[in-house]
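As structure tokens, the structure follows; a few thoughts come after it.
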Protein chains: 2
Amino acid sequence: MPRKPEYDRDDLILRARDLFWRQGWAGTSLKDLERELKLKPGSFYAAFGSKDALYALALQRYAADGVARLRKLADELGPKAALQTQPRLVAEGAGMPARACMLAKTYAELQAKDHDLAEKADAHLAEMRACFSALFRRAQEAGEIGRPHDPDRLAARYQSDLLGLRLTAERNDVDALAIAEDIAADIDRL
Amino acid sequence: MPRKPEYDRDDLILRARDLFWRQGWAGTSLKDLERELKLKPGSFYAAFGSKDALYALALQRYAADGVARLRKLADELGPKAALQTQPRLVAEGAGMPARACMLAKTYAELQAKDHDLAEKADAHLAEMRACFSALFRRAQEAGEIGRPHDPDRLAARYQSDLLGLRLTAERNDVDALAIAEDIAADIDRL
DNA sequence: TATATACTTGAGTGATCGCTCAATAAACCC
DNA sequence: GGGTTTATTGAGCGATCACTCAAGTATATA
């Protein structure tokens, strides 16, 4: 029977995700990945098949973690408070490799070329939006926000605002926390 | 005395801007530019010096046009209506090569590598924000919106929302116009 | 018309891109 | 220990990257 790999595949995907998240698709070369993951080209291709395949895994992991974090927040604080806390956490950006959304960055970079990864990012964004929508609906059912609003529309606006905030928070001459507070305050007015 | 160039330099910069806007920095090769501008490498380098130099000119042009369009809008409609109309125009995206903001795309793509063009994009974004801030101030002075709000803070939030909207409008499964209306409605509540 | 001054052309530069593969090393079962 | 199976290694593949430059061409002045 065979030899076992020396690396932890899941950890490699995580490290690759952080690198792709920061530097983007074209901005991350195989040399970069080999250095970061400590993998020679042969091992890299045996493990993942291609740069794009690894990027797809990284995207998937990014989206799954995002959904999981939001669900956990909603379980602890309730739907409305979760939606209000999310922008604050994003603005602080503690422990994240970058503020801007990796899905948005991927989509923006690759959409014009009809790249497969842009479609995947798009799908993950839709998934996130559905998640927001569900939280707004739950907040309505719990009486935390008013009924007349369409949860899907609220979710679309909320996601748009979050994407803007995350992009803005990447820069250093803007008070991202103030914007986060304003987004949270908007939810109080619903 | 010498021969005159066969191209219109200003028109070349415009066409290059549209290409860079859509495809980004790494996504646009010199082959792409040569094809689009109908320039052989020699002429290209004689005219612009480098890909980065042309990109910088394109960024400059993008920002200048943006400011000019906003000023014109404010002259015609007044400051408040201009701020409300801008998101609608962006969501419709008539005649634009892309919805997403070129400055934001540039910054997001190149910031991690400390590229000179990221700094330039950052500066242009600050310039745009100052423009928004001035319009909010004028709207206050004209009594169109309430006094208690800080124009700089309003401008930061407004720019963030716009960037999110423009990113969102690039996708096709979201009703960008609805978001634009919601952003405009927020200004009515000030 | 002769000359000077640019602009245009395109083959070709070295560097880097994502990726392949044959050789070697290590871990398992018998 | 022998044999099988898989991981690791790293030189190197063709393609493409941004870019150069010498040769050819067109337009102005004298």
Side-chain angles (χ1 to χ4, degrees), chain A residues 1-13 15-59 105-106 109-110 112-118 120-121, chain B residues 1-13 15-59 106 109-110 112-118 120:
Chain A
M1 286 277 174
R3 187 176 169 185
K4 280 178 191 167
E6 289 180 356
Y7 48 75
D8 172 0
R9 187 182 161 86
D10 222 52
D11 177 58
L12 290 189
I13 294 174
R15 291 225 296 279
R17 180 203 60 183
D18 290 358
L19 205 57
F20 282 134
W21 189 351
R22 269 182 275 124
Q23 307 189 347
W25 181 79
T28 307
S29 71
L30 258 130
K31 271 246 156 68
D32 292 335
L33 287 164
E34 287 163 26
R35 197 181 311 116
E36 178 72 24
L37 307 185
K38 278 153 191 147
L39 239 48
K40 309 293 170 190
S43 295
F44 180 93
Y45 283 92
F48 301 112
S50 72
K51 178 185 169 183
D52 282 7
L54 177 55
Y55 198 107
L57 288 173
L59 266 191
K105 282 183 76 171
T106 302
E109 182 181 1
L110 300 176
K113 322 205 103 155
D114 285 315
H115 197 296
D116 198 51
L117 289 168
K120 287 190 163 71
Chain B
M1 284 282 173
R3 186 176 170 186
K4 279 177 192 167
E6 290 180 356
Y7 50 74
D8 172 0
R9 185 182 163 85
D10 223 51
D11 178 57
L12 290 188
I13 293 174
R15 291 225 296 280
R17 180 203 62 182
D18 290 359
L19 206 57
F20 282 135
W21 189 352
R22 270 183 275 123
Q23 307 189 348
W25 182 79
T28 307
S29 72
L30 255 126
K31 271 244 155 69
D32 291 335
L33 288 164
E34 286 163 26
R35 197 181 311 115
E36 177 71 23
L37 307 185
K38 276 152 192 147
L39 240 47
K40 309 292 172 191
S43 295
F44 180 92
Y45 283 91
F48 301 112
S50 72
K51 177 184 169 184
D52 282 7
L54 177 55
Y55 199 106
L57 288 173
L59 266 190
T106 302
E109 182 180 1
L110 300 175
K113 322 204 102 154
D114 286 315
H115 198 297
D116 198 51
L117 289 167
K120 288 191 162 71

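Note on naming: letters A, B, ... go to the chains in the order of the sequence lines (proteins, then strands), and numbering restarts at 1 for each one.
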Q. Does A:K40 put a side-chain nitrogen or oxygen below 4.0 Å from OP1 or OP2 of D:dG10?
A. yes
Q: Check whether any side-chain heavy atom of A:L54 sits under 4.5 Å from a side-chain heavy atom of A:Y45, and report yes or no.
A: no
Q | Value in whole Å for how far the P atom of D:dA7 lies from CG of A:D8 | A | 15 Å
Q | Lys/Arg-Asp/Glu bridge criterion (N-O < 4.0 Å) met for A:D11, A:R15 | A | yes
Q: Check the distance between C:dA6's P and B:Y7's OH and give it to me in whole angstrom.
A: 13 Å
**Q.** Main-chain N/O of B:A118 paired to B:K113 side chain as donor or acceptor, under 3.5 Å
**A.** no
Q. Rounding to a whole Å, what distance do you find between A:Y55:OH and C:dG18:P?
A. 13 Å
Q. Which is true for A:F48 with a 4.0 Å heavy-atom rule: it touches a base, it touches only sugar-phosphate, or it touches nothing?
A. nothing
Q.
Treating B:K120 as the side-chain partner and B:Y55 as the backbone partner, does any N or O pair qualify as donor plus acceptor under 3.5 Å?
A. no
Q | Criterion side chain to side chain contact (heavy atoms under 4.5 Å, CB included) against A:R35, the qualifying member of A:L37, A:D32, A:L39, A:L33 | A | A:D32
Q. Sub-3.5 Å donor-acceptor pair from the side chain of A:E109 to the main-chain atoms of A:W25, do we have one?
A. yes
Q) How close or far is atom P of C:dC17 from atom CD of A:Q23, stated in whole angstroms? A) 11 Å
Q) Once each nucleotide of nucleotides 14-22 of chain D is scored for protein heavy atoms under 4.0 Å, what B/S/- sequence comes out, 5' to 3'? A) ---SSBBB-
